[in-house]
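Below: the structure, in structure tokens.
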Amino acid sequence: MTGANYGSFIVRKKELLLDNVLQVGQSFRWVYNESSQEYVTTMKISGQYHVVLLKQVELNQDDESDLKNTIVQYATLGDTCDSKSLESHLMDYFRMDVSVENLYNKYWLPNDVRFKAHYPTGNRMLAQEPWETLVSFICSSNNNISRITKMCHELCRNFGTELKPEIDRDDTGSSHYTFPSSDDIVNKATEDKLRELGFGYRAKYIMETAKLLVEQKKANDFTDDSEYLLSVKDSSSYIELREHLMGYTGVGPKVADCVCLMGFRHDDVVPVDVHISRIAKRDYKFQVNKKSMENLRKQYASYPVTKKKINLELDLIRVMFVKKWGKYAGWAQGILFSNEIGKSSGATTNGDVKKRQLELDIQVKEETVENSDKIKRKK
DNA sequence: CTGCTACCTGCGCT
DNA sequence: AAGCGCAGGTAGC
């Protein structure tokens with residue numbers, strides 16, 4: 001650990017494994033440093049950004065039982081945050097109030113024999129910042145994890161603010177940036193610039209979403225994107241929140257549900273993508289029930305955006321899984337997804353998730369020049 | 001309303 | 001070795 005004042009907490013391996021949680025398409029901005037075996041990102045902690053370092057080490061390595069403990073060490077670069085605040089922030093971020101093993105024994109295994117094959121291996125849902133979650137998942141549409149990751153970093157590097165902790169830098173010598181606010185994006189970015197940076201058609205989605213957020217914050221007297229979005233959440237049911245989220249360009253039901261689950265702690269929400277849809281039909285013999293479909297249709301009649309964007313069949317799959325898995329159905333989905341698909345997606349064919357090194361600027365710059373040429377030729 | 005397509009890009013595979 | 005297909009979808013007809 002680079003920080004002089006680091007703290008730590010003990011956690012069971014089956015409850016939290018950083019390699020499983022931070023690198024499998026839930027959060028896109030943690031960078032793994034191979035030589036120090038640490039994860040690094042920037043996080044907003046009570047209004048202030050810090051460079052956060054995490055390292056997980058196994059305790060009692062000869063213990064082969066599933067009670068195996070690990071120690072998670074944490075610090076901020078330059079000790080910009082006291083360890084008490086940092087620890088409570090991390091407890092919150094990792095949702096340590098929830099025991100996956102309890103959920104497994106109480107809700108999932110008794111109601112679904114398929115979960116015999118999905119004993120907890122350290123996967124859990126995070127409580128991420130709503131604004132960052134929204135933008136990240138706008139980037140995720142029809143895309144792969146490694147490019148989504150690259151895009152999130154480009155967003156920070158180009159439109160965020162560089163953090164320069166006074167004391168030592170970490171040994172990668174790399175820079176750290178805040179995640180840009182909607183104002184940052186509106187003021188500094190353009191659709192063309194984003195396209196040059198490799199965002200493709202999502203460039204437009206991001207610009208329009210940021211513009212709308214700026215307006216909404218202004219109209220409702222907020223300065224912080226996540227605080228505004230949280231205020232929407234606090235005065236909304238899940239259906240209303242999803243309706244609001246789908247009001248942003250590039251946000252359909254799948255992206256909105258990811259934001260509800262991973263950004264707003266709607267633990268029972270199951271984002272239905274192609275994989276979950278396939279699993280529902282193949283493994284759970286899902287079939288459309290006309291009557292429940294009509295009921296949903298009626299329920300959504302007064303939600304114009306939902307009515308327009310929702311796919312009732314996929315939404316019925318979501319409802320089926322909530323009934324089966326209970327109030328933490330979203331967590332069940334996360335574990336099932338990552339066990340069945342995560343291994344092969346955004347990863348090499350041998351099933352290893354590639355640990356991400358920070359990719360530096362030289363290569364990126366060359367690509368940017370090529371791309372802008374291509375774009376100009378097209379027009 | 002359900003059912004198509006087009007859409008950017010980069011990486012793995014042939 | 002150039003080319004195809006795909007990646008946790010969404011918008012627009």
Side-chain angles (χ1 to χ4, degrees), chain A residues 23-28 123 125 133-134 136-152 154 191-209 245-262 269-280 288 290 293-294 296-298 300-301 304-318 330 333-354 356 359 363-364 366-368 370-375 377-379:
Chain A
Q23 299 225 247
V24 292
Q26 193 181 162
S27 144
F28 301 97
N123 251 313
M125 285 300 129
T133 311
L134 176 62
S136 303
F137 280 92
I138 286 175
C139 295
S140 79
S141 74
N142 196 26
N143 205 350
N144 58 66
I145 291 175
S146 90
R147 184 153 76 115
I148 302 165
T149 303
K150 214 173 188 175
M151 287 159 69
C152 290
E154 286 301 332
E191 186 182 333
D192 285 344
K193 183 108 203 264
L194 286 170
R195 278 183 176 266
E196 284 172 24
L197 290 169
F199 284 75
Y201 57 81
R202 300 163 199 85
K204 187 177 165 192
Y205 300 165
I206 290 173
M207 288 312 298
E208 292 193 358
T209 298
L245 291 172
M246 286 195 286
Y248 302 112
T249 314
V251 180
K254 156 64 172 58
V255 169
D257 279 344
C258 282
V259 179
C260 286
L261 175 64
M262 302 167 199
V269 171
V270 176
V272 180
D273 58 41
V274 283
H275 301 295
I276 294 296
S277 163
R278 190 187 59 244
I279 290 169
V288 178
K290 288 271 180 191
M293 189 140 160
E294 285 316 308
L296 267 188
R297 200 194 301 283
K298 270 182 228 161
Y300 295 151
V305 187
T306 304
K307 205 167 70 176
K308 193 168 94 184
K309 293 194 177 183
I310 206 86
N311 175 318
L312 287 174
E313 183 183 327
L314 296 182
D315 207 50
L316 279 174
I317 293 175
R318 179 185 62 76
Q333 173 276 153
I335 282 160
L336 194 122
F337 178 88
S338 143
N339 287 351
E340 302 226 343
I341 294 109
K343 286 178 191 122
S344 61
S345 110
T348 53
T349 42
N350 65 17
D352 293 326
V353 175
K354 267 195 221 160
R356 295 192 282 269
E359 286 170 29
Q363 195 193 347
V364 176
E366 286 170 5
E367 284 165 9
T368 306
E370 272 178 43
N371 288 343
S372 50
D373 284 347
K374 268 185 215 163
I375 290 165
R377 247 179 283 137
K378 252 186 199 171
K379 286 178 182 171

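Residue numbers start from 1 in every chain, and the chains themselves are labelled A, B, ... in the order their sequence lines are given, proteins ahead of strands.
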Nearest of [options] to any side-chain atom of [X]?
{"X": "Arg147(A)", "options": "dG8(C), dC8(B), dC1(B)", "answer": "dC8(B)"}
{"X": "Val274(A)", "options": "dG9(C), dA7(C), dC1(B)", "answer": "dG9(C)"}
{"X": "Asn142(A)", "options": "dG9(C), dC11(B), dG8(C)", "answer": "dG9(C)"}

Starting at atom [atom1] of [X], determine the distance to atom [atom2] of [N], rounded to an integer number of angstrom.
{"X": "Glu196(A)", "N": "dT9(B)", "atom1": "CD", "atom2": "P", "result": "11 Å"}
{"X": "Ile206(A)", "N": "dG9(C)", "atom1": "CD1", "atom2": "C1'", "result": "14 Å"}
{"X": "His275(A)", "N": "dA7(C)", "atom1": "NE2", "atom2": "C1'", "result": "7 Å"}
{"X": "Ile145(A)", "N": "dC6(C)", "atom1": "CD1", "atom2": "C1'", "result": "14 Å"}
{"X": "Ile276(A)", "N": "dG9(C)", "atom1": "CD1", "atom2": "C1'", "result": "15 Å"}
{"X": "Leu314(A)", "N": "dG3(B)", "atom1": "CG", "atom2": "C1'", "result": "13 Å"}
{"X": "Asn144(A)", "N": "dG9(C)", "atom1": "CG", "atom2": "C1'", "result": "13 Å"}

Looking across every strand, which nucleic acid part, if any, lies under 4.0 Å from Gln26(A) by heavy atom: base, sugar-phosphate, or nothing?
nothing
Could you tell me whether a side-chain N or O of [X] sits under 3.5 Å from a main-chain N or O of [Y], the two making a donor and an acceptor?
{"X": "Arg202(A)", "Y": "Phe199(A)", "result": "yes"}
{"X": "Arg195(A)", "Y": "Ala203(A)", "result": "no"}
{"X": "Thr249(A)", "Y": "Thr209(A)", "result": "no"}

Rounded distance in Å between the [atom1] positions of [N] and [M]:
{"N": "dG12(C)", "M": "dT2(B)", "atom1": "C1'", "result": "14 Å"}
{"N": "dC8(B)", "M": "dC13(C)", "atom1": "P", "result": "15 Å"}
{"N": "dC11(B)", "M": "dT10(C)", "atom1": "P", "result": "24 Å"}

Polar atom pairs between nucleotides 10-13 of chain C and protein, under 3.5 Å, N or O only, would you list them?
residue : atom : partner   : partner atom : Å
dT10(C) : OP1  : Gly252(A) : N            : 2.9
dT10(C) : OP1  : Gly252(A) : O            : 3.2
dT10(C) : OP1  : Val255(A) : N            : 2.9
dA11(C) : OP1  : Gly250(A) : N            : 2.7
dA11(C) : OP1  : Lys309(A) : NZ           : 3.0

With sequence neighbours left out, write down each residue that passes side chain to side chain donor-acceptor pair (under 3.5 Å) with Thr306(A), or none if nothing qualifies.
Glu243(A)
Once side-chain contact (heavy atoms from CB on, under 4.5 Å) is applied, do any residues pair with Lys204(A), and if so which ones, sequence neighbours excluded?
Glu191(A), Glu208(A)
Does Asp315(A) have any salt bridge (Lys or Arg N to Asp or Glu O under 4.0 Å) partners at least two apart in sequence or in another chain, and if so, which?
Arg242(A), Arg318(A)
Salt bridge (Lys or Arg N to Asp or Glu O under 4.0 Å) against Arg278(A), all qualifying residues, sequence neighbours excluded
none
Check this for me: does any side-chain nitrogen of one of Arg297(A) and Glu294(A) sit under 4.0 Å from a carboxylate oxygen of the other?
yes
Would you tell me if any nitrogen or oxygen in the side chain of Arg195(A) comes within less than 4.0 Å of OP1 or OP2 on dC8(B)?
yes
Dump the intermediate steps for side chain to side chain contact (heavy atoms under 4.5 Å, CB included) on Asp273(A) and Phe337(A), then the final yes or no.
CA-CA 10 Å; Asp273(A) 58 41; Phe337(A) 178 88; 3.4 Å; yes
I'd like to know if Arg202(A) reaches the base of dC8(B) with its side chain such that a donor and an acceptor end up less than 3.5 angstrom apart.
yes
Paired and unpaired positions of DNA chain B as dot-bracket, Watson-Crick or G-U wobble under 3.5 Å, | denoting a partner strand
..|||||.||||||
